[in-house]
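Here's the structure, in structure tokens; my notes come after.
Chain naming here is simple, since letters A, B, ... match the order of the sequence lines and numbering starts at 1 in each.
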Amino acid sequence: MPPELIRQLRTPFLTMLTLLALLGINVVLGIFFITGDMWIAEVAIAAAMVATVIVVAMEAHKEPPLIRLFAGLGFFWVAILFTLTMIDYATR
Amino acid sequence: MNPSDAALRDLRVPAPVLAVPDDYLHVEQTLGSWILTTDHKRIGILYLVSITGFFVLGAIAAGLIRLALIVPDGSILSNDVYNRVFTLHGVIMVWFFLVPSIPNTLGNFLLPLMIGAKDVAFPRLNLLSWYIFVIASLFTVFVMIWGGVDTGWTFYTPLSTQYSNSYVLTAVFGIIVVGFSSILTGMNFMVTVHKLRAPGMTWFRLPLFVWSLYATSLILVLATPVLTIALILLFADRAFGLAIFDPANGGDPVLFQHLFWFYSHPVVYVMVLPGMGVMSELVTAFSYKKIFGYKFIAFSSVGIAVIGFFVWGHHMFYNGMSPFAGLTFSLMSFIVAVPSAIKVYNWAATIHKGSIRLDTPMLYALGWIGLFVIGGVTGLMLASTAIDGQVHDTYFVVAHFHYIMVGATVVAFMGGIHFWWPKITGRKYSEPWGRVSALLMFIGFNMTFAPQYVLGYMGMPRRYAVYPPAYQVLNVLSSAGATVLALAYIFPMIYLIWSLWYGEEAGDNPWGAKGLEWLTTSPPPKHNFEHTPMVDFDPYDYPNVTPEK
Amino acid sequence: MSTAVGIKVEEHFHNAEQQRETAKLGMWVFLLTELLLFSGLFVSALVIRVLHPDSVTAVALHLKFWIGATNTAILIVSSFCMSGAIESSRLGLRRPMIFCMLATAGLGVLFLMLKGYEYDRDYVEHMTPFLSFRRYELVGDPASRLFTDLYFVITGLHAIHLTIGIGIMLVMSWLASRPHFLERHQNRIEITGLYWHFIDLIWMIVFPTLYLLNR
């Protein structure tokens, strides 16, 4: 493997390790720490994994602002779907 | 001279070769060059032919509905057939006519021209979008005529998942596939506007039609996938007993409605926003005046698209949703009316003191304003939960949405077709006939749908084949109006097609309008512009003409 | 051995830069639609959770947590391979790129195999309420059917997307093995990479939603 490639692979490799580590934490929480409110931490870790994939693996941090806008727009719209639907179910 | 000498002489003279112009229509004329085209202009025409066909089918279904409602006892069509007819009407008109109408015909044709590009961003995806549309929509219509679907175009559960005996599964499958066509178009248009503008064409130099197409595409991209999921879940519920919408197993039918209307409310803005875009083009050209409040209109387009996503619950006020949610959606629905109103005020201000020409497109545009205001204000009435409690599921709602879908979208579509007909075909249509049709449209439309407001307020429910005899007079009036409206659709089909062969040839800019599309030939060459235009002028740079007092 | 890297510009674009950016924006917009697609399912899962919390927990305890977790890890590693393919393509290294793409596809196939095994276990353990001919394990708790069926819809839809991704990966590997590919179509590797990362991303939301949060 040529040295330039190995250099370029540093970031993806660290990303993979980060994601596996976060996954590991979530797995441990899921097996040993089943308390009522643990889901908050688990969601936060999952969100961190999603953010890592978008920003680092999909290189959103290097892209022009337009692409970053679209990446964020998607989650904003998902938030609209969730929030307004749950307003119904939470207040019945 | 012997007649046979002349014949022999003619045999020796070579046949004349007509100089075939190399515009996009004539440059190649084989069937293959049409159905394998990646030229956005030809794809626009392919869509135009397709949606006109569907419009005719949907209009026949509407004719059957109005026919059946002439008598109050349902003796013309049986209940089952009536249910299938109004479902067919709804499905065809919403998905196979209105949603693709302006964006896929006028939008496809004009978007690259208006931004100074040679084509859309992904020409092959554009063609694929048409193929998906035609194949899936023909499949769905076939299924719905062969056996029929009786759930209404809204496919509410649990009727659609458990109790209906009609071809729900196959029809829903077809509609899921058609959705991909919308998504591809939306994607294509958004990326085109972002990336393929000519040098100097900044966002605020774009024609407002482009802004409205962009806002429309935003909705198509964000809303259609949720419809896809709603229909996939419906399919799975019906086919495999998923039970997610089945109250007997703890499921919630209202969940289907949340997912369905998350798409289906924004889709009505997909129908109206391009019409609003056409309006901006028409009122400027036919008042020969710069648009009033360009940025207000541009931002309102995007505003309508965004806020339109917050209001879907107003279709569900009385379906078991929580009242607090109803309050929220009601408030949002009031707010979404604001950008629309802003636009209407700006167009009125544009027309004011303009040099007005009452040509056919302008007649349609003026009619649009009146009909849209009525439709919009009645929409506000429906947004109020108290009034909606009285008129939900009555003809009041039917009248409201027809004022918008027909009174606004179809009228704008007709106006746009007439305005850009010379550009698309290189021919002018017969102006007197155009004006007659515009007038017939306005008269026929009001005759058909204004009585329905009264019927709804008086309590006549929608989707009923049988009604109390007290409602008959208004129903007959409405059906009579429908025949006048039918003429308003038939005349343009005749004279527009006639003009293709016998119409006067149009020059590059028969209306004297501003915009990049008018700077190229009619019809345009295959690659739109001989040289890429450099844009250093504002849109609608008409001289502001103040008539002498 | 490295080759030149570039893209063949299509006629309606002015230059390669415009074509690249257009293709990339197009893929991001497409992924936006995919996100909304799966979100409809996620919101349904949340609704079912709010309506029937205990039934959902009962189902979650029957799901194969370890297979789900292992599959998550497999996709994470496959994403790393995909990044390897992208970096190789940028440097013009044809063979490492093809190797990485095949590894990515291979890990995807491994995921599907584990998923198939998991579905088989579900069938054996009578956790398939949508099959009317088979007894359902949690039949005393009708609301649990909702979540179980939703689990099949979500993982099934994801598996379909993954299969399409594997197919694209294999086709791309075959195309890339031909000469001059990287000079003309390097762009395509980047675009395919975005799609693959996204499949991984969706699974990172699926795993907690189905397997983890409801335990």
Side-chain angles (χ1 to χ4, degrees), chain A residues 1-2 4-13 15-20 22-24 26-27 29-31 34 38-40 42-43 45-54 56-60 63-64 66-71 73-75 77-79 81-82 84-86 88-90 92, chain C residues 1-2 21 24-25 27-29 31-36 38-40 42-44 46-47 50-51 57 60 65-66 68-70 72-73 75-77 79-84 86-88 90-91 93 96-97 100 190 193-194 196-198 200-202 204-205 207-209 211-215:
Chain A
M1 275 226 283
E4 322 87 72
L5 183 61
I6 298 184
R7 223 182 1 243
Q8 290 297 108
L9 283 179
R10 243 186 98 241
T11 310
F13 187 72
T15 313
M16 178 179 75
L17 291 181
T18 313
L19 290 171
L20 287 171
L22 288 171
L23 174 67
N26 250 348
V27 166
L29 289 179
I31 298 184
I34 309 182
M38 194 48 76
W39 62 272
I40 301 177
E42 291 168 354
V43 167
I45 293 179
M49 287 168 80
V50 167
T52 309
V53 169
I54 291 202
V56 185
M58 294 168 80
E59 299 181 329
E63 297 284 0
L66 185 64
I67 304 252
R68 281 185 270 170
L69 174 71
F70 273 91
L73 209 67
F75 290 99
W77 243 263
V78 173
L81 174 64
F82 269 74
L84 285 172
T85 307
M86 295 322 291
D88 176 18
Y89 287 97
R92 281 203 188 167
Chain C
M1 185 187 100
S2 97
E21 288 183 10
K24 197 167 278 194
L25 182 62
M27 178 51 82
W28 275 97
V29 173
L31 294 178
L32 202 70
T33 70
E34 296 278 48
L35 179 67
L36 264 295
F38 280 95
S39 299
F42 296 142
V43 82
S44 301
L46 182 57
V47 166
V50 165
L51 289 178
T57 308
F65 182 77
W66 281 110
T70 311
T72 315
L75 280 186
I76 292 175
V77 177
S79 276
F80 170 68
C81 293
M82 189 68 229
S83 297
I86 295 176
E87 298 296 345
S88 305
R90 286 174 182 167
L91 293 169
L93 301 164
M97 175 185 80
C100 286
E190 309 234 3
L194 283 175
W196 191 271
H197 285 305
F198 190 76
D200 188 14
L201 187 151
I202 288 294
M204 280 183 208
I205 308 177
F207 172 66
T209 307
Y211 295 87
L212 183 60
L213 290 171
N214 299 303
R215 289 169 65 82

Bottom line for Ile202(C): the part with an atom under 4.5 Å from chain A's heavy atoms is neither

Taken to the nearest 0.5 Å, the spacing of Met58(A) CE from His197(C) NE2 works out to 7.5 Å

Output for pair (Glu42(A) CD, Leu212(C) CG), nearest 0.5 Å, gives 4.0 Å

Heavy atoms of Ser39(C) and Phe82(A) approach each other most closely as O-CE1, 4.0 Å

Exercise for review: Side-chain contact test, heavy atoms from C-beta onward, threshold under 4.5 Å: evaluate it for Leu66(A) versus Glu21(C) and give yes or no.
Suggested key: no

dist Leu46(C):CG -> Tyr89(A):OH (nearest 0.5 Å) comes out at 10.5 Å

Taking every heavy atom of Leu36(C) against every heavy atom of Gly74(A), the minimum-distance pair comes out as CD2-O, 4.2 Å

Separation between CE (Met49(A)) and CD1 (Ile76(C)), nearest 0.5 Å, reads 4.0 Å

So, the part of Tyr211(C) with a heavy atom under 4.5 Å from chain A: the answer is neither

Here the pair of heavy atoms bringing Leu9(A) nearest to Phe80(C) is O-CE1, 4.1 Å

One should read off an interatomic distance between Leu93(C) CG and Gln8(A) CD, to the nearest 0.5 angstrom, of 10.5 Å

Whatever's closer than 4.5 Å to a heavy atom in chain A on Leu32(C) counts as side chain

Okay, Leu51(C) and chain A: the region with an atom under 4.5 Å from a heavy atom over there is side chain

Separation between CG (Asn26(A)) and CG (Leu213(C)), nearest 0.5 Å, reads 8.0 Å

When the 4.5 angstrom heavy-atom criterion is applied to Trp66(C) and chain A, the contacting part is side chain

Closest non-hydrogen atoms of Leu5(A) and Pro96(C), given as atom of the first, atom of the second and distance, are CD2-CB, 4.0 Å

Bottom line for Val43(C): the part with an atom under 4.5 Å from chain A's heavy atoms is both

Most contact-rich option vs chain C, by heavy-atom pairs under 4.5 angstrom, among Thr15(A), Ile54(A), Ile31(A), is Ile31(A)

The interface call for Met86(A) against chain C, heavy-atom contacts under 4.5 Å, is side chain

Turns out that what part of Leu23(A) lies under 4.5 Å from chain C's heavy atoms comes down to side chain

Chain A shares the most heavy-atom pairs under 4.5 Å, among Ser79(C), Gly68(C), Ser88(C), Gly40(C), with Ser88(C)

